[in-house]
Undergrad: 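Got a structure for you, written out below as structure tokens; questions coming shortly.
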Amino acid sequence: MPEISIITALYNCVGLTRQYVESLEKTLTNIDWELILIDDASSDETPAFLEELKKNPRVQCLRNETNIGYSASNNRGAIQANSDKLAFLNNDLVLSEGWLEQMLSVLEEAENAGVVGNIQFNPNTGLIDHAGVFFGLDGMPRQARKNRARVPTVPYSEWNAVTAACMIIPKPLFEECGGFDEDYRNGFEDIDLCAKVRQKGFRIYVANRSKIDHLVSVSPGRHKHNDRNSKLFQERWTHITSEWGAKE
């Protein structure tokens, strides 16, 4: 059994995927891992690249005949995972040495940890893009420390949610939560999942010593369903998350 199953849904952007896989291989030298790639009906050279990757025994490659979206693709990948720990990563990441070890350490050591995210920088600005998510008084999510330069000095911080651009979660907990809610389409499914994890009594952390670059929201159609996703989250969660926001 690998120590971690890394799951990444793909839609076009084969150049980013190549760069991402290279950074995985360079940074995961001390951990037994597997990579599950789900091609969500790409129309570029992604299928050909995945054929190359199939030669690697660590890699599983799945292909959707039609584009089913982020949630459904990742849920399909999670079913195939052989580890009891899942890592959901985007393909627009460039990873740094020790990124996963730091996240696993927090998952194992922090009190009642259910989900762990990390610090993500925008390489175009050199500033923080993601360091955790909190809820406002309206119950809607907001990014913590966005566009700041300094990272907290403590090993980890607790927040209400983290982005699934890079998150880890025990597989049994992911399954208990029903995976990513497929009613969302390429947005808010990660915040929804974190809310479910919190409702079950688990806590959400950011590993502050795990730092990566995130080429933010470059996937085709990433923002196409923003309004619908936002409305769906409001209807389902803001009566609860507004109370969490009031306690911030």
Undergrad: Looking only at heavy atoms, which two atoms of A161 and I191 are closest? And how far apart?
TA: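 Between these two residues, the closest heavy atoms are CB-CD1, 3.9 Å.
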Undergrad: Could you tell me if the side chain of Q19 sits less than 4.5 Å from the side chain of L93, heavy atoms only?
TA: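 The answer is no, as the side chains (C-beta and beyond) never meet within the 4.5 Å cut-off.
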Undergrad: With a 4.5 Å limit on heavy-atom distance, are the side chains of V106 and P155 in contact?
TA: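 No; the side chains remain at least 4.5 Å from each other.
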Undergrad: Do the side chains of K85 and E3 get close enough for a salt bridge, i.e. N-O under 4.0 angstrom?
TA: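 A salt bridge is absent here (no side-chain N lies under 4.0 Å from a carboxylate O).
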Undergrad: Is it true that a side-chain atom of W99 and a backbone atom of L24 form a donor plus acceptor pair closer than 3.5 Å?
TA: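 Answer holds: no.
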Undergrad: Is there a donor-acceptor contact under 3.5 Å from the side chain of Q80 to the main chain of I36?
TA: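 Side chain of Q80 to backbone of I36: no pair is present.
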Undergrad: Is there a donor-acceptor pair under 3.5 Å between the side chain of N12 and the backbone N or O of S43?
TA: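 Yes, the answer is positive, given that a donor and an acceptor are paired below the 3.5 Å cut-off.
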Undergrad: With no hydrogens and no angle check, just 3.5 Å: does a side-chain donor-acceptor pair link D39 and S42?
TA: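 Yes, S42 and D39 have a side-chain donor paired with an acceptor closer than 3.5 Å.
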Undergrad: If Ile, Leu, Val, Met, Phe, Trp and Tyr residues are connected whenever their side-chain heavy atoms lie under 4.5 Å apart, and connections chain through other members, are F174 and I4 in the same group?
TA: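 Looking at the clustering, I4 is in a separate group from F174.
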Undergrad: Apply side chain to side chain contact (heavy atoms under 4.5 Å, CB included) to V162 and V133, showing your working.
TA: CA-CA 6 Å; V162 296; V133 172; 5.7 Å; no
Undergrad: Would you check if the side chain of T8 reaches a backbone N or O of L89 as a donor-acceptor pair within less than 3.5 Å?
TA: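 Yes; at least one donor-acceptor contact below 3.5 Å.
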Undergrad: Do K54 and E51 have side chains that get closer than 4.5 Å, going by heavy atoms?
TA: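 The answer is yes, as the side chains (C-beta and beyond) meet within the 4.5 Å cut-off.
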Undergrad: Walk me through it: do E182 and S71 pass the test side-chain hydrogen bond (donor to acceptor under 3.5 Å, both in side chains)?
TA: CA-CA 5 Å; E182 296 179 15; S71 294; over 6 Å; no
Undergrad: Quick check on the hydrophobic clustering: are V59 and V14 connected, directly or via other members, by side-chain heavy-atom contacts under 4.5 Å?
TA: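 Shared cluster, yes.
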Undergrad: Start with the C-alpha gap between E101 and I31, add the side-chain angles, then the distance that decides, and say whether side chain to side chain contact (heavy atoms under 4.5 Å, CB included) holds.
TA: CA-CA 8 Å; E101 290 89 338; I31 289 180; 3.8 Å; yes
Undergrad: Less than 4.5 Å apart, any side-chain heavy atom of V115 and any of Y205?
TA: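 A side-chain contact is absent here, since even the closest heavy-atom pair is not under 4.5 Å.
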Undergrad: Testing the 3.5 Å rule here: is there a donor-acceptor pair between the side chains of T27 and E97?
TA: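 Judged by distance alone, the side chains do not pair up.
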Undergrad: Of the non-hydrogen atoms in V94 and I212, which two are nearest, and what is the gap between them?
TA: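 For V94 and I212, the tightest heavy-atom pair comes out as O-CB, 3.7 Å.
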Undergrad: Sub-3.5 Å donor-acceptor pair from the side chain of S242 to the main-chain atoms of T238, do we have one?
TA: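 Yes, the answer is positive, given that a donor and an acceptor are paired below the 3.5 Å cut-off.
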Undergrad: Just by distance, do the side chain of S23 and the backbone of Y20 share a donor-acceptor pair under 3.5 Å?
TA: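 At least one qualifying donor-acceptor pair exists.
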Undergrad: Using a strict cut-off of less than 4.0 Å between a Lys/Arg side-chain nitrogen and an Asp/Glu carboxylate oxygen, indicate whether E176 and K171 qualify as a salt bridge.
TA: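 No, E176 and K171 are not salt-bridged.
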Undergrad: Less than 4.5 Å apart, any side-chain heavy atom of Q143 and any of D129?
TA: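 No, too far: nothing below the 4.5 Å cut-off.
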Undergrad: May I ask you to check whether F88 and F180 place their ring centres under 6.0 Å from each other?
TA: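 Yes, they do, as the ring centres are separated by less than 6.0 Å.
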Undergrad: With under 30° as parallel and over 60° as perpendicular, where do the rings of W244 and W237 fit, or are they tilted in between?
TA: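 W244 vs W237 ring planes: tilted.
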Undergrad: Report yes or no: do W33 and V116 belong to one cluster of Ile/Leu/Val/Met/Phe/Trp/Tyr joined by side chain heavy-atom distances under 4.5 Å?
TA: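 They do share one cluster, since a chain of ILVMFWY contacts under 4.5 Å joins W33 to V116.
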Undergrad: With the side chain counted from C-beta on, respond yes when K211 and F121 share a heavy-atom pair under 4.5 Å apart, and no when they do not.
TA: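 K211 vs F121: side chains touch.
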Undergrad: Looking at every non-hydrogen atom in both residues, tell me the closest pair between N118 and C166 and how far apart they are.
TA: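 Heavy atoms only, the tightest pair is ND2-SG, 3.5 Å.
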Undergrad: Run the side chain to side chain contact (heavy atoms under 4.5 Å, CB included) check on I240 and Q199 step by step: do they pass?
TA: CA-CA 10 Å; I240 296 172; Q199 271 203 321; 3.2 Å; yes
Undergrad: Evaluate side chain to side chain contact (heavy atoms under 4.5 Å, CB included) for D181 paired with E189, printing each intermediate quantity in order.
TA: CA-CA 6 Å; D181 190 325; E189 55 276 287; 5.5 Å; no
Undergrad: To the nearest 0.5 Å, how far apart are CG in L215 and CG in N124?
TA: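 Rounded to the nearest 0.5 Å, the CG-CG separation comes out at 7.0 Å.
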Undergrad: Would you indicate whether the side-chain heavy atoms of L62 and R76 approach each other to under 4.5 Å?
TA: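 Counting from C-beta outward, R76 and L62 do come under 4.5 Å.
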Undergrad: How close do L50 and C61 get, counting heavy atoms only, and between which atoms?
TA: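 Between these two residues, the closest heavy atoms are O-SG, 3.6 Å.
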Undergrad: Look at the side-chain heavy atoms of Ile, Leu, Val, Met, Phe, Trp and Tyr, link any pair under 4.5 Å apart, and say whether Y156 and M103 land in one connected group.
TA: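 Result: yes, single cluster for both.
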Undergrad: Over all heavy atoms of both residues, which pair between L86 and A81 is shortest? Give the atoms and the distance, please.
TA: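 Smallest heavy-atom distance, with atoms named: CD2-CB, 3.5 Å.
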Undergrad: Decide yes or no on side-chain hydrogen bond (donor to acceptor under 3.5 Å, both in side chains) for H130 and Q120, but give the supporting numbers first.
TA: CA-CA 5 Å; H130 172 79; Q120 299 169 21; 4.7 Å; no
Undergrad: Just by distance, do the side chain of R185 and the backbone of I68 share a donor-acceptor pair under 3.5 Å?
TA: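 Indeed, once roles are kept as given, a pair shorter than 3.5 Å links the two residues.
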Undergrad: Under a 3.5 Å threshold, yes or no: a donor from one side chain and an acceptor from the other, between N122 and H214?
TA: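 N122 vs H214: no donor-acceptor pair found between side chains.
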Undergrad: Are any of the side-chain nitrogens in D40 or R63 under 4.0 Å away from the carboxylate oxygens of its partner?
TA: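 Between R63 and D40 there is no salt bridge, as every charged N stays at least 4.0 Å from the carboxylate O atoms.
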Undergrad: Rounded to the nearest 0.5 Å, how far does CZ of R145 lie from CZ of R148?
TA: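 Here the rounded value is 5.0 Å.
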Undergrad: One pair to check against side-chain hydrogen bond (donor to acceptor under 3.5 Å, both in side chains): D192 and Y184. What are the steps and the verdict?
TA: CA-CA 9 Å; D192 179 275; Y184 297 95; 3.0 Å; yes
Undergrad: Measure up the F188 and F233 rings against each other and bin them: parallel (under 30°), tilted (30 to 60°), perpendicular (over 60°).
TA: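 F188 and F233: tilted rings.
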Undergrad: For the pair S210 (side chain) and L100 (backbone), establish whether a donor and an acceptor sit closer than 3.5 Å, ignoring hydrogens and angles.
TA: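 Answer holds: no.
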Undergrad: Just wondering, are more than 12 heavy atoms of other shown residues or ligands nearer than 6.0 Å to NZ in K146?
TA: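 It does: K146 NZ has more than 12 such atoms within range.
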Undergrad: With no hydrogens and no angle check, just 3.5 Å: does a side-chain donor-acceptor pair link E34 and N82?
TA: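 Result is yes, a qualifying pair exists.
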Undergrad: Can you tell me if Q234 uses its side chain to pair, donor with acceptor, with the backbone of L232 under 3.5 Å?
TA: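 A pair under 3.5 Å: no.
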Undergrad: Of the non-hydrogen atoms in A144 and W159, which two are nearest, and what is the gap between them?
TA: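 Nearest pair, atom of A144 first, then W159: CB-CH2, 3.4 Å.
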Undergrad: Which distance, rounded to the nearest 0.5 Å, do you find between the CG of L37 and the OG1 of T46?
TA: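 Answer rounded to 0.5 Å: 10.0 Å.
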Undergrad: State, yes or no, whether a side-chain contact exists between E158 and V206 at a heavy-atom distance under 4.5 Å.
TA: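 Counting from C-beta outward, E158 and V206 never come under 4.5 Å.
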Undergrad: Hydrophobic clustering (ILVMFWY, side-chain heavy atoms < 4.5 Å, transitive) - are Y70 and V197 grouped together?
TA: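 V197 and Y70: one cluster.
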Undergrad: Is a donor on one side and an acceptor on the other found under 3.5 Å between the side chain of R142 and the backbone of M140?
TA: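 Checked: pair present.
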Undergrad: Side chains of N64 and S73: do they bring a donor and an acceptor to under 3.5 Å?
TA: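 Yes, S73 and N64 have a side-chain donor paired with an acceptor closer than 3.5 Å.
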